[in-house]
Amino acid sequence: MSRKYVIVGGVAGGMSAATRLRRLQEDAEIIVFEKGPHVSFANCGLPYYLGGEITDREALLVQTPAKLKARFNLDVRENSTVTAIDPTAKQVTVQSGDHTYSENYDALILSPGAKAIVPQLPGLKTADNVFTLRNIPDTDRIDSYLQTTGAQTAVVIGGGAIGLEAAENLRRRGLQVSLVEAGSHVFPALDEEMAAPLATSLRTHGVQVHLNDAVKEIGRQTVTLNSGQQLPADIILLAVGVKPNTDLTQSTGIKLGPTGGIAVDEHYQTSQKDIYAVGDAIEVTNQISEQPALIALASPANRQGRQVADVLSGVPTTNRGSIGTAIVRVFETVAATTGLSEAHAHKLGLHLKVAHISAKSHATYYPGAQPIWLKAIFAPDSGKIYGAAAVGTDGVDKRIDVLATAIKGGLTVFDLPELELTYAPPFGVAKDPVNMLGYVASNVARGTSQTIQWHELKAALAQGKQLLDVRDPDEYSQGHFAAAINMPLDQLREHLDELDPKQDYIVSCQTGLRSYIAERLLRGHGFHVQNLDGAIGLYQQVRSELLTTDRKEN
Ligand SMILES: Cc1cc2nc3c(=O)[nH]c(=O)nc-3n(C[C@H](O)[C@H](O)[C@H](O)COP(=O)(O)OP(=O)(O)OC[C@H]3O[C@@H](n4cnc5c(N)ncnc54)[C@H](O)[C@@H]3O)c2cc1C
């Protein structure tokens, strides 16, 4: 007997569910309710339309109800809000303009997405220049406001992915932009040293970045920060994060999880029979921490939509959770993450080690090779990869995608050198940065290399450890740690008698590779030595306090 499916939300999760259901059940009745005026629109493309990189507004409208009817025989109803669910009668109430009606279902799929968090800031309620960016009507409102008012200055509140993309695109549009982030760095999914180049890139392109500062109040075309600074703000974009849209759960008894997302089981079933949920609205299991988590990203939402259709069609499928893989571009700088950050892993109390490497996006002798930093966070005993991050201008996406695949596939850092990745000079390196990360992390895991992290350096020097800089004198003279003695690697063996066997040493170079060779050499001669992971190159991305004045700018 044919079944009737009702789907709430017609974008990533909802439309993936609807189209997969049709492919699996030709005779089913499938109705999709969408509150807004568009289904299947490209929300991820909205910032780029605002900045003018995407010029064709129609390109954002990936599908229309007419096309979905023709190809998939879907009954798509835009401008139709599901306002209530009666789980006993298996019925939803729908509001469309002035018209209210009900529709029954055999199974209901909720994919209502997330809502922008709107903090209770003094002055916010009365301001008419504050916007959030979630959908095409939001984008049109911002676009029209910019055009009609001739706004010259913008404040973006929040340095997450959407805030960063909005800041870049408002700047591209010619506005004077300030970005305010309460935390110590932008893109909080990343650790501080990996996110720092994003802020540098914003500043290089004329965006003022205010870190460790929060908005105190919104005034008439100004924003006042806790620090007292006042920023000009013809337009304000609020991008402080999202929360699951759980409006429909309140009166239905659908249970929420500890994170506030809709709780679902391994088949995406909510606590109410025949009601399923997917996408940004649900709580998932973080596959690495095995803790409940909110992971509001397009790839999981699309996958979950397809999987719930499989479940409802009897195709064996399990909701295995997500790891959280994300990427952001700020002008020429790209940063990406998969799995846990170091900060998150520490918060969970995981026993972990970290390795950073600096490499080139492809063979150095082939034109255009760009530097890239990679980081792995892992368990030293098992080699389990807790997370990875990358930042650079080219090849970041490729490396993080490989690492995300490795994590999902259960590979360890010991397996990374085994990966056989594409190589020809324009594309990569025979020892790909991911292989190199595996070599370095394996060395750290096995104790072949004993490292110290950039944020531990200050305390270590205060304890009396001596820093040796093994770069060449000309590199050293261009900028170095104030406390470092220069002892070039190629002359180190000749100068061993100048070192004190009772002293603890830290070796540093530009990126950590030469200093690793020095570390092995010194340890081979019985010295106590640690390698500064990422060396001065990584340190100066984040801090300047221990450096000599000639290299303080960052
Ligand atoms: C500006 C922006 C940029 C983004 N960029 C990226 C990116 O680059 N990469 C990435 O991975 N993710 C990105 N995301 C996140 C990504 O778009 C979401 O994770 C994904 O769309 C979630 O899918 P979903 O189906 O859960 O919700 P959505 O795609 O948000 O769809 C939910 C829909 O449900 C509708 N709805 C809600 N309540 C009701 C109701 N009661 N009745 C009827 N309809 C209802 C809403 O109107 C909405 O259209 C971005 C999001 C935004 C807003």
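Indexing begins at 1, ligand by ligand and atom by atom, following the structure's order.
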Working for side-chain hydrogen bond (donor to acceptor under 3.5 Å, both in side chains), residues Q541 and W373: CA-CA 11 Å; Q541 281 191 176; W373 280 100; 2.9 Å; yes
Polar contact flag for G279 and ligand 1 (N/O pairs, less than 3.5 Å): no
Ion pair R329/D397, N-O distance below 4.0 Å: no
Which of the ligand 1 atoms, numbered from 1, are nearer than 4.0 Å to a heavy atom of A296: 19 (O)
Residue and atom name of the nearest protein heavy atom (relative to atom 53 (C) of ligand 1), distance in Å to one decimal: R134 NH1, 3.4 Å
Heavy-atom gap N135 to ligand 1 smaller than 4.0 Å: no
Side chains of S361 and Q370, donor plus acceptor under 3.5 Å: no
Q304-Y268 side chain donor-acceptor pair, cut-off 3.5 Å: no
Under 3.5 Å: N/O of T81 near N/O of ligand 1: no
Atom 19 (O) of ligand 1 - nearest protein heavy atom and its distance: D280 OD1, 2.8 Å
Ligand 1 to A298 polar contact by distance, N or O atoms, under 3.5 Å: yes
N or O contact, V82 vs ligand 1, cut-off under 3.5 Å: yes
